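Naming convention: chains lettered A, B, ... in sequence-line order (proteins, then strands); numbering from 1 in each chain. If you're wondering where the values come from, they're calculated on a predicted model, not measured in any experiment.
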Amino acid sequence: MNNTKGYWRLIKNGIFAENPIFRVALSLCPAVAVTSGVKNGFLMGIAVLFVQTMVNVTVSIVRKFIHPKVRIPAYMFIIATWVTVSDLSLAAFAWDIYKQMGLYIKLIVAFAIILSRAELFASKNKVTPSFFDGLGMGIGFLLALIIISFFRELLGKGSLWGFQFTEAKPLLIMVLPTGGFFAVGILMGLFNWIDIKFFGGGGASGGGH
Amino acid sequence: MENLFELFIAASLINNFVFTRYLGLCIFFGVTKKMETAVGMSVTFTAVMVISAALSWIVYKTIMIPLSLQFLEIVVFIGIVAGFVQAADTIMRKMSPGLYYKLGIYLALITTNCIILAVPLINAGERYTFIQSLVFGLGSGIGFSLALVIMASIREKLELANVPKSFQGLPISFIATGLIALAFLGFSGLITL
Amino acid sequence: MAAVKKEHELIVSVSPHVKSEETVSRIMWTVSLSLLPAFVMGVYFFGPRALFVTALCVVSAVLSEYLFQKGLKRKITINDGSAFLTGLLLGMNLPTSLWSFNPFMIHVPIIGSFIAVVITKQLFGGIGFNIFNPALIGRAFLLITWPRAMTIWTEPTAAFVALDAKTTATPLGILKEEGVGKLMEVFGDQLNLYTQLLVGYRAGSLGETSAIALIIGAAFLLYKRYITWHIPVSFLSTAAALAWVFGGKDLGTGKMLLFAGDPVVHLLSGGILLGAFFMATDYVTCPSVRKGQIVFGIGCGALTMLIRLKGGYPEGVMFAILLMNCFAPLIDRSMKSRVFGAVKEQKK
């Protein structure tokens, strides 16, 4: 059986080829909104990873019982349920951070990436591949958030994971909206450049929807 | 009255959803490639925004608070928005096919827009009154429309520009948005709400 | 409908409407030249540090452009004067106090120039394609990133030697924080206030203070027809009118007093003259239709006064122009399609 290899490929697909932020360019809001610090970015990534995986598994389990006509509302309901679970657990276990980014955690429900994976992958595949697809997408998302927030926190606050390196704030603007858009734009350009230069890709990522 | 005006200005300009709260970005970058789609989205979006803010407020106040079901807000609000959008879709298709032909596609996109959900959530969190919720919804809708139209006109201009290859498309749009956000900082401190 | 739409697609024109590269560079160098009087006055009032700050900006702006174009194997265009002008304008918009080794601050102008030339202009495709005025984005970036350092204003000395001048507040800062009364106290009487503002003997960005020198430079540009009256006149008159109507304050209660503001103070202080004549008129980032330019100017004036009187910053010119830069493509678009609305008249 080369199943293991297949699963590994699914995870790699989520991290590189179809990275939710840098390549597919879906769910861009959290990429800017919660990446002013690595800690926030990490927690957000974990929440999305959890929701994406659970949603994929649930959708895959119930895929045969849902009438195709009502599938989208049904998926929305499943997503909303899992988001509520992660929302309430974060509120219980990480109140400090939840206060700052509670709204964005709740909004995971409207992230296009989750619905699109449920619709494109989980509704057509068995439980185990769906699980690994969710895992891959979630990890790709998490890594993207960590990369963005690494630069933003280091440059904007002179710290990492809340640990202060220097009193000076090298480039305060990086933690503000402008800096967030700049960071994502420049990193995206960089990914494209690497893609064109070393992998002979076409560059120019998706472009929204 | 003055309070409501300030709320409107704050929602549309000072705390513009796109430029300071970073929401609705998927749609923002998705529909601004052409002015026509940006305008269609603006109109549809603002209307849905106001109505779903009103519906959510009514449900929240009359059903969820009395039954202490606030913890279900995510499920309920997304249900209201999705249900309303579905209903609007059906009604429009029956009543006015012309309008449906023009705006129907945007309706389908709206459910994956975070702003549409953020507004009821913020309304509930801030304990706004019914009128305040409506004004907040309207302000957010207008602010989002403004962002869409500005961005669409800028991207039209960028079409002709000789942008470095790796930055074409989304990356340069992000940087342009960053620059607009920088300009919008001029509004900060305008009203202390 | 189809015909209209087709024409609509045809009206794609890119500003600046320049005929040859030579024209671009002649315009850029002439505008730079016309800034010279104001710059000389700045150096005279604020000493050699003003010269150093500006030189640093110019050198790093030109160098950024050169390195970027070299790196991307594009045509090197540093001779067209556009990077030079950006650096000069950025420098003239900065406080002299940035030339300081303790605390170390001289990286600030360099980063500002880089943001202005590379991020704002070159990434968007180089001259002619930038959406925002590069020098102003550079300055806004610096103001947000180093809010403290960017608002330490040195007192004018008019001695050219003082390396350690005292710090003080700008007239607009005083006006915002402490009101007209304090302004009069600082400058003596009204006549003295007006003369000093006109000459430029006041704290502020190093190239913005001397109103008379800026007006001379602007007159030269208007005479040479490198700029037209539309934007400066609508910008300044809107600001003056709003300053007169809403700028007054009751000295006792601090409440707004209608029709009691002092438009002269508002026109002569801050960066409004530098902005209205030299930055809002930038060919690339303002509308190209005349009617649109008037709308643009009115918007700039109104936003400037909104921010000055109600906003969080004492000075609003920079943000006002940047905000109107966002709207410029939109203004151009709507004004131009209205011209094409003339098609309708032909029908009857």
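Residues of residues 139-149 of chain C placed with any heavy atom under 4.5 Å of a heavy atom in chain B are listed by number as C:A140, C:F141, C:I144. Residues from residues 145-153 of chain B that place a non-hydrogen atom less than 4.5 Å from a non-hydrogen atom of chain C comprise B:L146, B:V149, B:I150, B:S153, given in numerical order. Using a 4.5 Å cut-off between non-hydrogen atoms, no part of residues 50-69 of chain B approaches chain C.
Rounding to the nearest 0.5 Å gives a distance of 13.0 Å between CZ of C:R333 and CD1 of B:I154. Taking CG of C:L72 as the start and NZ of B:K165 as the end, the distance is 12.5 Å to the nearest 0.5 Å. Put simply, CG on C:L123 and CD1 on B:I175 are 5.0 Å apart, with the number rounded to the nearest 0.5 Å. To the nearest 0.5 Å, atom CZ of residue C:F129 and atom CD1 of residue B:I172 are 12.5 Å apart. Atom-to-atom distance recorded for C:L322:CG and B:I180:CD1 is 11.0 Å, nearest 0.5 angstrom.
Counting heavy atoms from C-beta on, the side chains of C:F68 and B:P164 come closer than 4.5 Å. Between C:L330 and B:M35, the closest side-chain pair of non-hydrogen atoms falls below 4.5 Å. Under the 4.5 Å side-chain criterion, counting only non-hydrogen atoms from C-beta, B:K157 is not in contact with C:D332.
Contact of C:F124 with chain B is made through backbone and side chain together, with heavy-atom distances under 4.5 Å. With a threshold of 4.5 angstrom between heavy atoms, B:L182 approaches chain C through its backbone and through its side chain.
Nearest heavy atom pair, residue C:Y313 against residue B:L185, reads CE1-O, 3.8 Å. Across all their heavy atoms, C:F319 and B:G186 have their closest contact at CG-CA, 3.3 Å.
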### C:I131/B:L179 under side chain to side chain contact (heavy atoms under 4.5 Å, CB included): CA gap, chis, key distance, verdict
CA-CA 9 Å; C:I131 312 289; B:L179 295 178; 6.0 Å; no

Which atom pairs, donor and acceptor, lie under 3.5 Å between side-chain atoms of residues 74-95 of chain B and protein residues at least two apart or in another chain?
unit_1	atom_1	unit_2	atom_2	d
B:D89	OD1	B:R93	NH2	2.6
B:T90	OG1	B:Q86	O	2.9

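Counted within 6.0 Å of CZ on B:F130, heavy atoms from surrounding residues, nucleotides or ligands total more than 12; the atom is thus considered enclosed. For C:Y66, the OH atom is loosely surrounded, since the number of other residues' heavy atoms within 6.0 Å does not exceed 12.
Here C:L306 is the residue among C:T120, C:L306, C:I119, C:N130 with the most heavy-atom pairs under 4.5 Å with chain B.
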